[in-house]
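Data first, discussion second: the structure below is written as structure tokens.
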There are 2 protein chains.
Amino acid sequence: MLNRMVEQQPATLDAVFHALSDATRRSMLRELSEGERSIGALAAPFSMSFAGASKHVKVLERAGLVRRRVVGRTHYCRLEAAGLAEAQGWLSYYERFWNRRLDVLEALLRAEDEHAEAGDEK
Amino acid sequence: MLNRMVEQQPATLDAVFHALSDATRRSMLRELSEGERSIGALAAPFSMSFAGASKHVKVLERAGLVRRRVVGRTHYCRLEAAGLAEAQGWLSYYERFWNRRLDVLEALLRAEDEHAEAGDEK
DNA sequence: AAAATAGTCAACCTGATGGTTTAATATTTC
DNA sequence: GAAATATTAAACCATCAGGTTGACTATTTT
């Protein structure tokens, strides 16, 4: 079950990471994390045309990060975070590498502290 | 200290996510997770020109995911996972969203199990 | 019915991407 | 020193990305 989530779906991972590689889209996701937003509402903070925002939303949809609900003339978008989990799954493989570095850093700091506690602080 | 890692550095995040949006580059990172590799060694599995691989490595370097050590005519690359930690830091904000979903799924499965255990399995 | 609103679509522009090939540079080997 | 090796650089190509504008569709308001 977890497997299904971490599983490699190259096309999808491409789409997810590509979607995340743009600061405007990342901001839109942040906004959507607070609740549903219309396309117009998503466009507003960027003084960007509706058409521009529409394109960004489509990129997010293609990546499976956003879903759309049409009510009358308004399109409401909401966050679909499962795709982000896929990205995290991929990244988690590498955790050990930076954890290792953090371990070293931690050890260094601890050593420093112990040194200080030992009474040689000036 | 953790803060410094999770901190938003838009330009860098752009570069990191962009670097990850290509399957070839993700494979290269996987390869580098096993140890240092020359540009040629990185190119080999993809039947791609040296020049092509060289470009990919430059993208990874720009994103801070790879570092290079030149020994004679050979350029050795190694993984620099700190940049990946930045990406994970960004994603971690959204964890609660998919965790929430997993909780629901888990609850559903548990409910199913209990139902089964209750003796009504046929 | 007319006007305003929310959004898409298509065309267009500029600049980046991913790939190639050919030439050039630096190093190593013969 | 000549030949082979490892790599970059530069030019080129096709395609994609991010953005705009203008025209169109569908809904809502007046």
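Computed from a predicted structure; not experimentally measured. Per chain, numbering begins at 1; letters A, B, ... match sequence-line order.
- Regarding B:F46, its CZ atom lies at a distance of 12 Å from the P atom of C:dT20, rounded to whole Å.
- Considering only residues two or more places apart in sequence or on other chains, A:R68 meets the salt bridge (Lys or Arg N to Asp or Glu O under 4.0 Å) condition with A:E61.
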Find every protein N or O atom lying less than 3.5 Å from an N or O atom of nucleotides 1-3 of chain C, and list the pairs.
none

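- Remark: C1' of D:dA17 and CZ of B:F17 are 18 Å apart, rounded to the nearest angstrom.
- Across the protein-nucleic acid pair, B:M28 atom CE and C:dG19 atom C1' stand 12 Å apart, rounded to whole Å.
- Every residue two or more places apart in sequence or in another chain was checked for a salt bridge (Lys or Arg N to Asp or Glu O under 4.0 Å) with A:R25, and none qualifies.
- Between the CG atom of A:D22 and the C1' atom of C:dA16 there is a distance of 13 Å, given to the nearest Å.
- Nucleic acid contact for B:G72: sugar-phosphate only, since backbone atoms but no base atoms lie under 4.0 Å from a heavy atom of the residue.
- Think of B:V71 as one node in a network of Ile, Leu, Val, Met, Phe, Trp and Tyr side chains linked at under 4.5 Å; its network also takes in B:Y76.
- Pairs engaging residues 37-46 of chain B under the salt bridge (Lys or Arg N to Asp or Glu O under 4.0 Å) rule: B:E31-B:R37 [sequence neighbours left out].
- Across the protein-nucleic acid pair, A:R25 atom CZ and D:dC16 atom C1' stand 12 Å apart, rounded to whole Å.
- Applying the side-chain contact (heavy atoms from CB on, under 4.5 Å) rule to A:A53 yields the partners A:M28, A:I39, A:A43, A:M48; only residues at least two apart in sequence or on another chain are considered.
- Of all nucleotides listed (D:dT20, D:dG18, C:dG18), D:dT20 comes nearest to the side chain of A:S49.
- In this entry the distance linking CE of B:M48 with P of C:dT17 reads 15 Å, nearest Å.
- Under the 4.5 Å side-chain criterion, counting only non-hydrogen atoms from C-beta, A:L20 is not in contact with B:L13.
- Using a 4.5 Å cut-off between side-chain heavy atoms of Ile, Leu, Val, Met, Phe, Trp and Tyr, with links allowed through other members, A:V59 and B:V16 fall into different hydrophobic clusters.
- Shown here are the side-chain hydrogen bond (donor to acceptor under 3.5 Å, both in side chains) partners of A:S27, two or more places apart in sequence or in another chain: there are none.
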Every protein N/O within reach of nucleotides 7-15 of chain D N/O, cut-off under 3.5 Å:
| from | atom 1 | to | atom 2 | distance (Å) |
| --- | --- | --- | --- | --- |
| D:dT7 | OP1 | B:I39 | N | 3.4 |
| D:dT7 | OP1 | B:H75 | N | 3.0 |
| D:dT7 | OP1 | B:H75 | O | 3.3 |
| D:dT7 | OP2 | B:G40 | N | 2.7 |
| D:dT7 | O3' | B:H75 | ND1 | 3.4 |
| D:dT8 | OP1 | B:R68 | NH1 | 2.0 |
| D:dT8 | OP1 | B:H75 | ND1 | 3.4 |
| D:dT8 | OP2 | B:S54 | OG | 2.4 |
| D:dA9 | OP2 | B:K58 | NZ | 3.4 |

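- Sorted by first and then second residue, the ring pair (Phe, Tyr, Trp, His ring centres under 6.0 Å) pairs with a member in residues 22-65 of chain A form an empty list; sequence neighbours excluded.
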